[in-house]
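Just below is one structure, and these are the notes that go with it.
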Amino acid sequence: MEQTFIMIKPDGVQRGLIGEIISRFEKKGFTLKGLKLVSVDQSFAEKHYADLSAKPFFAGLVEYIVSGPVVAMVWDGKDVVKTGRTIIGATNPSASAPGTIRGDYAIDIGRNIIHGSDSVENARKEIALWFPEGIAEWQSSLHSWIYE
Ligand SMILES: Nc1ncnc2c1ncn2[C@@H]1O[C@H](COP(=O)(O)OP(=O)(O)OP(=O)(O)O)[C@@H](O)[C@H]1O
């Protein structure tokens, strides 16, 4: 099945949204395969956001990601990359629909609470970067109640 990398950013952790965010992915029917609370350093944050290194907001983005612990997760399920992005909402919370995580809980683009991989290929790279130790191998017993 497909996997995606989801990170609750430092503002999401500080604001007490960990449980709410995990709950949304769980209730949808996706399966949690990796989970840890970690503080990353500058070089790690720069690696994660390497594609954005030329952007004017890059330094501020890195500073934001290292400002406190983040929750790194791997979620598994059919079309989880695309559906995960839908659950998260548009990058700029001012354009995120109500009902999405960013639409419900964020205001500023530079404090948008959560990250989700934007493609299956990037998910693979991000999971390898954040979980070099590997992820849990298990299958939920609810599988046949979620997939036909
Ligand atoms: N104009 C901006 N000003 C400040 N921060 C920004 C801006 N644009 C993007 N960011 C930050 O950089 C992150 C990565 O930007 P990107 O364009 O990859 O959006 P995204 O894929 O929706 O976000 P993410 O990769 O965090 O899921 C955004 O989530 C946001 O935190």
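Counting starts at 1 for both ligands and their atoms, following the listed order.
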Open item on the list: So if I count the atoms of ligand 1 from 1 in the order they appear, which ones are less than 4.0 Å from some heavy atom of R102?
Closed with: 22 (O), 23 (O), 24 (P), 26 (O), 27 (O), 29 (O)

Task: Shortest protein contact, atom 30 (C) of ligand 1 (heavy atom only) - done: I109 O, 3.4 Å

Open item on the list: Could you check whether R15 makes a cation-pi contact with Y105, meaning its NZ or CZ is under 6.0 Å from the centre of the six-membered ring and within 45° of the ring axis?
Closed with: no

TODO: May I ask whether N112 places a heavy atom under 4.0 Å from ligand 1?
DONE: yes

Open item on the list: Is the contact between R85 and ligand 1 made by the side chain, the backbone, both, or neither, using heavy atoms and a 4.0 Å cut-off?
Closed with: side chain

TODO: Give me the ring orientation class for F131 and F5: parallel if the planes are under 30° apart, tilted from 30 to 60°, perpendicular past 60°.
DONE: perpendicular

Open item on the list: I need the nearest protein heavy-atom contact for atom 22 (O) of ligand 1: residue, atom name and distance, please.
Closed with: T91 OG1, 2.4 Å

- [ ] Could you check K36 against E133 for salt bridge (charged side-chain N to carboxylate O under 4.0 Å, His left out), going step by step and ending with a plain yes or no?
- [x] CA-CA 12 Å; K36 59 186 178 185; E133 69 276 25; 2.9 Å; yes

Open item on the list: Could you check whether F44 and H48 have their ring centres less than 6.0 Å apart?
Closed with: no

- [ ] For N112 and P93, indicate whether the former's side chain and the latter's backbone hold a donor-acceptor pair under 3.5 Å.
- [x] no

Task: Salt-bridge contact K125-D51 (side-chain N to carboxylate O under 4.0 Å) - done: no

Task: Taking atom 2 (C) of ligand 1 as the reference point, the nearest protein heavy atom with its distance - done: F57 CD2, 3.4 Å

TODO: Please identify which atoms of ligand 1 are closer than 4.0 Å to at least one heavy atom of K9.
DONE: 26 (O), 28 (C), 29 (O), 31 (O)

TODO: Assert yes or no for the condition that the ring centre distance of W75 to F30 is strictly below 6.0 Å.
DONE: no

Task: Numbered atoms of ligand 1 (with element) below 4.0 Å of G116, judged on heavy atoms - done: 27 (O)

Task: D76 with K33: basic N within carboxylate O range, under 4.0 Å - done: yes

Task: Protein heavy atom at shortest distance from atom 11 (C) of ligand 1 - done: L61 CD1, 3.8 Å

- [ ] Do me a favour and list the nearest non-hydrogen protein atom to atom 27 (O) of ligand 1 with residue, atom name and distance?
- [x] H115 ND1, 2.9 Å

TODO: Using a strict 4.0 Å cut-off to heavy atoms of L52, name the atoms of ligand 1 that fall inside it.
DONE: 14 (C), 15 (O), 18 (O)

